[in-house]
Amino acid sequence: MAWMYLIIAGLLEIGWPIGLKISQQSDSRWLGIGIAVAFMVVSGFMLWLAQRDIPMGTSYAVWTGIGAAGTFIVGIFFYGDAATFGRIAGVLMIICGVITLKISH
């Protein structure tokens, strides 16, 4: 169950950078900040649950890896971020690292 908590925490980690992006618009500043804070709290709680059974270093690396890769993908598909070879290669390395941590646990 701890790995499910960790995956959920990582997916929720994607929400707070999106909230911060939303808050860049003056008409949705407070909504975006609220979204960011809500996702931070819930994601952090799920990470806390996962760390009861998964080592801290592993859980933190997986959590941030899922969040970073997911935010990268959302940025490309919804915010027009560049999808260059180097950026994609970098995210693929993060994903490979997360998979390696899971396999090694």
Side-chain angles (χ1 to χ4, degrees):
M1 193 66 183
W3 281 96
M4 285 304 295
Y5 291 143
L6 186 56
I7 291 168
I8 293 167
L11 293 173
L12 291 169
E13 180 74 358
I14 299 166
W16 72 266
I18 294 170
L20 293 178
K21 183 70 172 175
I22 292 168
S23 75
Q24 299 299 315
Q25 303 293 326
S26 60
D27 61 331
S28 59
R29 177 153 297 133
W30 293 109
L31 173 64
I33 291 170
I35 290 169
V37 170
F39 274 94
M40 283 181 203
V41 168
V42 179
S43 178
F45 176 72
M46 297 301 283
L47 176 64
W48 176 78
L49 290 174
Q51 284 183 343
R52 293 188 295 180
D53 296 317
I54 301 171
M56 179 179 62
T58 300
S59 61
Y60 183 74
V62 170
W63 179 61
T64 57
I66 292 170
T71 302
F72 174 80
I73 292 167
V74 168
I76 288 173
F77 286 108
F78 295 101
Y79 292 100
D81 292 354
T84 63
F85 174 78
R87 295 184 79 224
I88 292 169
V91 168
L92 288 175
M93 286 188 268
I94 291 170
I95 293 168
C96 288
V98 167
I99 292 168
T100 301
L101 287 168
K102 170 60 175 132
I103 292 169
S104 300
H105 179 68

Asks: Indicate every side-chain donor-acceptor pair of residues 84-100 with a distance under 3.5 Å to a residue at least two apart or in another chain.
Replies:
| unit_1 | atom_1 | unit_2 | atom_2 | d |
| --- | --- | --- | --- | --- |
| T84 | OG1 | R87 | N | 3.3 |
| R87 | NH1 | A82 | O | 2.2 |
| T100 | OG1 | C96 | O | 2.8 |

Asks: Is a side-chain N or O of S23 found less than 3.5 angstrom from the main chain of I33, in a donor-acceptor match?
Replies: no

Asks: Is there a path of hydrophobic side-chain contacts, each under 4.5 Å between heavy atoms, that joins L31 and L12?
Replies: yes

Asks: Indicate, with yes or no, if L20 and F77 share a hydrophobic cluster defined by side-chain heavy-atom contacts under 4.5 Å among Ile, Leu, Val, Met, Phe, Trp and Tyr.
Replies: yes

Asks: Cluster question for you: counting only ILVMFWY and a side-chain heavy-atom cut-off of under 4.5 Å, with indirect links fine, are M1 and I54 together?
Replies: yes

Asks: Find out if a path of hydrophobic residues (ILVMFWY) with successive side-chain heavy-atom gaps under 4.5 Å connects I73 to L11.
Replies: yes

Asks: Hey, what do you get for CD (E13) to CD1 (I8), rounding to the nearest 0.5 Å?
Replies: 14.0 Å

Asks: Please report the shortest heavy-atom distance between F39 and W16, naming the atom on each side.
Replies: CB-N, 3.7 Å

Asks: Please tabulate, one pair per line, all N/O donor-acceptor pairs under 3.5 Å involving side-chain atoms of residues 59-67, not counting sequence neighbours.
Replies:
| unit_1 | atom_1 | unit_2 | atom_2 | d |
| --- | --- | --- | --- | --- |
| S59 | OG | Q51 | NE2 | 3.2 |
| S59 | OG | P55 | O | 3.1 |
| S59 | OG | M56 | O | 3.0 |
| W63 | NE1 | A9 | O | 3.3 |
| W63 | NE1 | S43 | OG | 2.8 |
| T64 | OG1 | Y60 | O | 3.0 |
| T64 | OG1 | A61 | O | 3.2 |

Asks: Specify the closest pair of heavy atoms between Y5 and L49, including all atoms of both residues, with the distance to one decimal.
Replies: CD1-CB, 3.7 Å

Asks: Are V42 and V37 linked, directly or through intermediate hydrophobic residues, by side-chain heavy-atom contacts shorter than 4.5 Å (ILVMFWY only)?
Replies: no

Asks: Less than 4.5 Å apart, side chain to side chain, heavy atoms only: is that true for T71 and I18?
Replies: no

Asks: Might you point out which heavy atoms bring I35 and G19 nearest each other, and give the distance in Å?
Replies: CG2-CA, 3.9 Å

Asks: Would you name the heavy atoms of G70 and I14 that are closest together and state the gap between them?
Replies: CA-CD1, 3.5 Å

Asks: Got Y79 and V74 here, is their nearest side-chain heavy-atom distance under 4.5 Å?
Replies: yes

